[in-house]
Amino acid sequence: MKTIGYGKANGKIILMGEHAVVYGEPAIAFPFLATNINATIHPCDSFQLHCAYYDGSLEGAPETLNSIKVLINQLQKDFPIGPLSLNIESTIPAERGMGSSAAVAVAITRAFFDLLDQSLSQEKLLAYVEQAERIAHGNPSGIDAAATSGHDPMYFTKGHPFNFFPLNIDAFLVVADTGVKGQTREAVKDVSNLVSGDPGQEIMRHIHLLGALSKEAKKAISENQVQRLADIMNEAQQHLKKLTVSNQLLDTLIQTALSAGALGAKLTGGGRGGCMIALTNTKKEAQVVCEALEKNGAVSTWIQGLGVHTYA
Ligand code: PMV
């Protein structure tokens, strides 16, 4: 065993297919390397957790960090190596649809196995992360775990092997943080209640249409059709609204982005707060959109190139 273990993960952006992915529809996500997380673990006299939200005994950590407790308990059960001190440093805004809960679990699991000086297969990593995500999300599709632990954009369908593909499109993506915590767990549960209370299958129709849009988006990306991708994003946002996962703040920022020249815009991740994304042709246009978003309440904005030459 080593004296200290290190683990890393990154944020993620869901371009298309959030929520629908829980019901077996495809989604497109990519690692968002502008934000990341580093975990270090070392043996200690008692279990300790040090992060931006909490500094103290693992046992006394607030309920919002329960997924970390569950993960550490499971790792300890499988590898009883005694008390540990965990240190987490993150630039991924928490609960903003960037997969921070999955990324924390990925970084901790990697740090734990690094401490053990044991190799960790992707399969084993995802199995541990899923346990933590069940606490954080209720019914996770696995897309966050996959995207926060990988390096490549992916076309993801729950329960299927990952399908990596290049974001081969000459466009820029603006990511904006509403500054308000998203409510992924509640939103996923509410969509599930809508589905089960809808004998007319209207909600499932929106879910299937979102899946079909993910397929079309993949085609638009591979054919470098920027306007088509933007139209698909706008259409997806309308379906997400029907699933009740958007809110006034997201709608306002999406409208702001479109008025400032974005070709398409939608929420990303769980919704009800969190982040939105907008597509532009050029970096300059993306900067104009960022300025408008910041004037209208976005607390942070990022610009991500999507072409093969600019991605990552
Ligand atoms: O809010 P985030 O970044 O955790 O994304 C959640 C994505 C959902 O599709 C809403 C849920 C899931 O598990 O796929």
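Atoms within each ligand, like the ligands themselves, are counted from 1 in listed order. Residues take their numbers from the sequence shown, with the count starting at 1.
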**Complete:** Those residues with a heavy-atom separation under 4.0 Å from ligand 1 are Lys12, Ile14, Glu18, His19, Val21, Val22, Gly97, Met98, Gly99, His137, Pro140, Ser141, Ile143, Asp144, Thr184, Val188, Gly269, Gly270
**Message:** If you apply the rule side-chain contact (heavy atoms from CB on, under 4.5 Å), what do you find for Leu15 with Leu173, and how did you get there?
**Reply:** CA-CA 9 Å; Leu15 187 62; Leu173 199 74; 4.1 Å; yes
**Asked** Does one side chain, of Glu133 or Ser101, offer a donor that lies under 3.5 Å from an acceptor on the other?
**Response** yes
**Item:** Geometric cation-pi criterion, Lys218 with Phe165: 6.0 Å, 45°
**Value:** yes
**Message:** I need the full list of salt bridge (Lys or Arg N to Asp or Glu O under 4.0 Å) pairs touching residues 292-301, with sequence neighbours left out, sorted by first then second residue.
**Reply:** none
**Prompt:** If you round to the nearest 0.5 Å, how far is OG of Ser46 from CG of Leu84?
**Reply:** 10.0 Å
**Request:** Could you tell me whether Phe162 and Tyr155 have their ring centroids closer than 6.0 angstrom?
**Result:** no
